[in-house]
Engineer: 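Below is the structure I would like to discuss, written out as structure tokens.
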Amino acid sequence: MASDDKASGNPTAAEPGRDFIRDIVKADLDAGRVAQVVTRFPPEPNGYLHIGHAKSICLNFGIAEEFGGRCHLRFDDTNPVKEEQEYIDAIERDVRWLGFDWGQHLYYASDYFERLYGWAEDLIRKGQAYVDDQSQDEIRANRGTLTEPGKNSPFRDRTVDENLDLFRRMRAGEFPNGARVLRAKADMSSGNINLRDPVLYRILNAPHPRTGTTWKIYPSYDFAHGQSDAIEGITHSICTLEFEDHRPLYDWFIANLDVPSTPHQYEMARLNLTYTLLSKRVLTELVRGGHVGGWDDPRMPTIAGLRRRGVPAEAIRDFIKRIGVAKANSVVDAGMFEFTVREALNKTALRRMAVLRPLKVVIENYPEGQSEELDAVNHPDDAAAGSRKIKFSRELYIEQEDFMEVPPKKFFRLSPGTEVRLRYAYFIKCTGVVKNAAGEVTELRCTYDPATKGGNAPDGRKVKATMHWVSAAHSIPAEVRIYNPLFNRPDPSGAENFAADLNPNSLELLTGARLEPAAADAKIETPVQFERQGYFCLDRDTTAEKLVFNRTIGLRDSFAKDVAKDVAKEKAGG
RNA sequence: UGGGGGAUAGUUCAACGGUAGAACUGCGGACUCUGACUCCGUCAAUCUAGGUUCGAAUCCUAGUCCCCCAGCCA
């Protein structure tokens, strides 16, 4: 029976979600190298979390869950100049929203400042660290280049006592910012530049969100991260590729300091997405420069932005599962993310009718002043979702793009003389077109077939299109925000001049939308499908006077795609 | 011309010396009271050159190309 998988010829179904990190974890567990896996998600609170962080979050918390371990949330708050409480709060909120729980294991690198300081003194006592008086420029100049070795600092051979004295005075705040640093005595000629006497501590007379003004010196990432991992008993410390050549340093501290455990660092590729920039630097500038409304602007790739836009956490988790984990740099097609968003939304979103760009329709053979109620299901694949009533009357709105006076061959919506179905209502036929002085269509005159009530013709005749609509008198107004990619190139330039690639049409405001009344029941961030249009959710900008909806994402539109293809063909064909 | 990594369909990931497979995308079709969903079919890849082996994406050798590192950022 053990060979069932092979017999069925379906080996791929065996291990969903396997990757090289999980392989390592599994091997360590199997070999008894670790008793319980302990991971951590270590954000620096200097900005909001984005979908790239979601990869790390899902990996770290996911591995802990799958292998019966635990995952810590640890703020890597070693640089008070950049960090703020607001970010700490936002990060906690976002991780929770994504569906993960760190239990009691909330930590801060700043909790370990005293211990880290002690280890720094240990290093000094062992002759493995020294206080350097060189200026920042001198240090840079003496570091050498990629091809030339660096030069030893003239302060490299100070005595232990002198180093200890100076370092303590650094801590005491006796020197101005930048006056001195503590450096590891490593190897100024190493090919790995991170080993050319890396800075361990710098003087930063700045208040820290958590430790206030008690510290005048702060540890560097390299000196803080591994030891923090060791303090917490982290077994697998997962980070991104750019830290690969920091690993020798990481291991060196763990080996040379009296730390309580020996964590190991593993590196994976960070997430990149087409039409998206995932760098905190860029995201920060987008916010500070007013290019977007804030960190949670629905166009932002931040967790907060995606949430406000209506993307469910489940979709993000599923997306991360699908893209896998590897060491090769890659750029994931944003279309893959869109697919997972639609998939998640389709399952749960209740259906409503909303006309985004209304075109008035008068049903000439429907009595004036009359209306009737029709039944509409809330979800076509889920009877349990129930149904609601919608009002039909003489004056309706349909979508402007659902009518064409001179239709091209593959257009089978409404045009003069054609018959279509109004969803859940009647078949209608267009009998006349009213235009304004500019020649634009402002109103349609139609007739309906009373025999088709509910949407089916007793004589069995078919229509090629079913359209959404609302009753003019019974519908309610709303503002709808349509979002397009923030950047107009699949590979926007990096931090230097991202502004040049900003899409000026990333936000389209539709102020005249009309919704069926049931759509107003929507709750903020709860997805709803406006049939034939896409998935939407109520935005928190909604007021008593004005409903505001965000379009999370449009439905797939093969008709629009065909049209675009034909246009392209004509251009190319000449 | 230092050090560290990486190359498999268009994209992202599998295959761990034994039939190169999936998802997304593309293309074609079925179904449909959402041109949605769903379903079916289909195109499509091992960076190059040698070598080892009965057998190589996988091991060896030599190349090529791409990414990261010269913060008192993380």
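Here the structure is a predicted model, which means the values were calculated and not measured. Throughout, protein chains are lettered first and strands after them, A, B, ... in sequence-line order, and every chain is numbered starting at 1.
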Engineer: Base, sugar-phosphate, or nothing for A:S189, non-hydrogen atoms under 4.0 angstrom?
Structural biologist: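 If one applies the 4.0 Å heavy-atom cut-off, A:S189 turns out to touch nothing in the nucleic acid.
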
Engineer: Please name the nucleotide paired to B:C27 by Watson-Crick or G-U wobble geometry with both distances under 3.5 Å, or report none.
Structural biologist: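 Check on B:C27: paired to B:G41, both distances under 3.5 Å.
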
Engineer: Would you measure the distance from the C1' atom in B:C65 across to the matching atom in B:U8 and give it in whole Å?
Structural biologist: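 That atom pair is separated by 16 Å.
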
Engineer: Kindly compute the distance separating OH (A:Y201) from OG (A:S220), expressed to the nearest 0.5 Å.
Structural biologist: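 A:Y201 OH to A:S220 OG: 8.5 Å, rounded to 0.5 Å.
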
Engineer: Categorize A:R351 for me: base, sugar-phosphate, or nothing, with a 4.0 angstrom heavy-atom threshold over every strand shown.
Structural biologist: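 Here A:R351 touches the bases of the nucleic acid.
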
Engineer: When you measure from the side chain of A:E83 to the backbone of A:E44, do you find a donor-acceptor pair of N or O atoms at a distance under 3.5 Å?
Structural biologist: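 Not at all, since once roles are kept as given, no pair shorter than 3.5 Å links the two residues.
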
Engineer: Looking at A:N163 and A:Y130, would you say the former's side chain and the latter's main chain have a donor-acceptor pair under 3.5 Å?
Structural biologist: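 No; zero donor-acceptor contacts below 3.5 Å.
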
Engineer: Is any side-chain nitrogen or oxygen of A:R22 closer than 4.0 Å to OP1 or OP2 of B:A14?
Structural biologist: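 Checking A:R22 against B:A14: no side-chain N or O falls below 4.0 Å of OP1 or OP2.
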
Engineer: Take A:V325 and A:D222, find for each the nucleotide of RNA chain B with the closest heavy atom, and name the residue whose nucleotide sits nearer the 5' end.
Structural biologist: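 Looking at the nearest nucleotide for each, A:V325 comes out on the 5' side.
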
Engineer: Checking the side chain of A:T274 only, and the main-chain atoms of A:A334 only, is there a donor and an acceptor separated by less than 3.5 Å?
Structural biologist: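 Yes; judged by distance alone, with no hydrogens or angles, the pair exists.
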
Engineer: A:S220 side chain N/O closer than 4.0 Å to the phosphate oxygens (OP1, OP2) of B:A74?
Structural biologist: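 It does not, given that no N or O in the side chain of A:S220 lies less than 4.0 Å from OP1 or OP2 of B:A74.
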
Engineer: Using purine N1 to pyrimidine N3 plus N6-O4 or O6-N4 for Watson-Crick, or N1-O2 and O6-N3 for G-U wobble, both under 3.5 Å, which nucleotide pairs with B:A49?
Structural biologist: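 Per the H-bond distance test, B:U61.
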
Engineer: If the cut-off is 4.0 Å, is A:R143 near the phosphate of B:G71, judged by side-chain N/O to OP1 or OP2?
Structural biologist: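 Checking B:G71 against A:R143, a side-chain N or O does come within under 4.0 Å of OP1 or OP2.
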
Engineer: Across the strands shown, which category fits A:F339 at heavy-atom distances under 4.0 angstrom: base, sugar-phosphate, nothing?
Structural biologist: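 If one applies the 4.0 Å heavy-atom cut-off, A:F339 turns out to touch the sugar-phosphate alone, with no base involved.
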
Engineer: Please tell me if A:R270 has a side-chain N or O lying less than 4.0 Å from either OP1 or OP2 of B:C68.
Structural biologist: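 For B:C68, neither OP1 nor OP2 has a side-chain N or O of A:R270 closer than 4.0 Å.
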
Engineer: Look at the side-chain N and O atoms of A:R140 and state whether any lies under 4.0 Å from the OP1 or OP2 oxygen of B:G71.
Structural biologist: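 Checking B:G71 against A:R140, a side-chain N or O does come within under 4.0 Å of OP1 or OP2.
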
Engineer: Decide, for B:G71, between syn and anti: a glycosidic angle within 90° of 0 counts as syn, anything else as anti.
Structural biologist: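 Judged by the O4'-C1' to base torsion, B:G71 sits in syn, the angle falling within 90° of 0.
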
Engineer: Is the shortest side-chain N/O distance from A:R322 to OP1 or OP2 of B:C24 below 4.0 Å?
Structural biologist: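 Indeed not, no polar side-chain atom of A:R322 lies that close.
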
Engineer: Under the 3.5 angstrom rule, does the side chain of A:R388 hit a backbone N or O of A:V377 as a donor-acceptor pair?
Structural biologist: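 Looks like yes, one N/O pair under 3.5 Å.
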
Engineer: Categorize A:R423 for me: base, sugar-phosphate, or nothing, with a 4.0 angstrom heavy-atom threshold over every strand shown.
Structural biologist: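 Counting heavy atoms under 4.0 Å across all strands, the contact made by A:R423 includes a base.
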
Engineer: At 4.0 Å (heavy atoms only), tell me whether A:T145 reaches a base, stays on the sugar-phosphate, or touches nothing.
Structural biologist: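 Base, at least one base heavy atom under 4.0 Å.
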
Engineer: Which is more 5' along RNA chain B, the nucleotide nearest A:G191 or the one nearest A:K410? Just name the residue.
Structural biologist: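 The residue closer to the strand's 5' end, by nearest nucleotide, is A:G191.
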
Engineer: Describe the nucleic acid contact of A:V199 in one word from base, sugar-phosphate, nothing, applying a heavy-atom distance below 4.0 Å.
Structural biologist: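 It contacts sugar-phosphate atoms only.
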
Engineer: Looking across every strand, which nucleic acid part, if any, lies under 4.0 Å from A:L146 by heavy atom: base, sugar-phosphate, or nothing?
Structural biologist: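 A:L146: base contact, heavy atoms under 4.0 Å.
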
Engineer: Can you see if the side chain of A:S190 gets near the phosphate of B:G2 - specifically, an N or O under 4.0 Å from OP1 or OP2?
Structural biologist: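 Looking at the OP1 and OP2 atoms of B:G2, neither is under 4.0 Å from any side-chain N or O of A:S190.
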
Engineer: Which nucleotide, in any strand shown, forms a Watson-Crick or G-U wobble pair with B:C16, with both distances under 3.5 Å?
Structural biologist: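 Checking every strand shown, B:C16 finds no partner, since no pair has both distances under 3.5 Å.
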
Engineer: A:Y218 near the nucleic acid: base, sugar-phosphate alone, or nothing, with a heavy-atom cut-off under 4.0 Å?
Structural biologist: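 Touches nothing.
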
Engineer: Considering every strand and a 4.0 Å limit on heavy-atom distances, what is the contact class for A:P149: base, sugar-phosphate, or nothing?
Structural biologist: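 Nothing, no heavy atom under 4.0 Å.
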
Engineer: When you measure from the side chain of A:R532, which nucleotide among B:G35, B:A70, B:G28 comes out closest?
Structural biologist: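 Ranking B:G35, B:A70, B:G28 by closest atom to the A:R532 side chain puts B:G35 first.
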
Engineer: When you measure only distances, ignoring hydrogens and angles, does the side chain of A:N192 come within 3.5 Å of the base of B:G4 through a donor and an acceptor?
Structural biologist: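 For A:N192, whose side chain was compared with the base of B:G4, there is no donor-acceptor pair (under 3.5 Å).
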
Engineer: Would you classify A:T340 as touching base, sugar-phosphate or nothing, given that sugar-phosphate means primed atoms plus P, OP1 and OP2, and contacts are heavy atoms under 4.0 Å?
Structural biologist: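 Since no nucleic acid heavy atom lies under 4.0 Å of A:T340, the category is nothing.
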
Engineer: Does B:G35 have OP1 or OP2 under 4.0 Å away from a side-chain N or O of A:R556?
Structural biologist: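 Answer no for this pair, as no side-chain N or O of A:R556 is under 4.0 Å from OP1 or OP2.
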
Engineer: Within the pair A:K464 and B:U32, is there a side-chain N or O less than 4.0 Å away from OP1 or OP2?
Structural biologist: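 Negative; the distance criterion is not met.
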
Engineer: Would you say A:R270 has more than 12 foreign heavy atoms packed within less than 6.0 Å of its CZ?
Structural biologist: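 Atom CZ in A:R270 is not crowded, with 12 or fewer foreign heavy atoms closer than 6.0 Å.
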
Engineer: Is it the case that over 12 heavy atoms from other parts of the model lie below 6.0 angstrom from the NZ atom of A:K151?
Structural biologist: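 Not buried by this count: 12 neighbours or fewer within 6.0 Å.
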
Engineer: Hunt down the Watson-Crick or G-U wobble partner of B:G55, both distances under 3.5 Å, from any strand shown, or write none.
Structural biologist: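 Checking every strand shown, B:G55 finds no partner, since no pair has both distances under 3.5 Å.
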
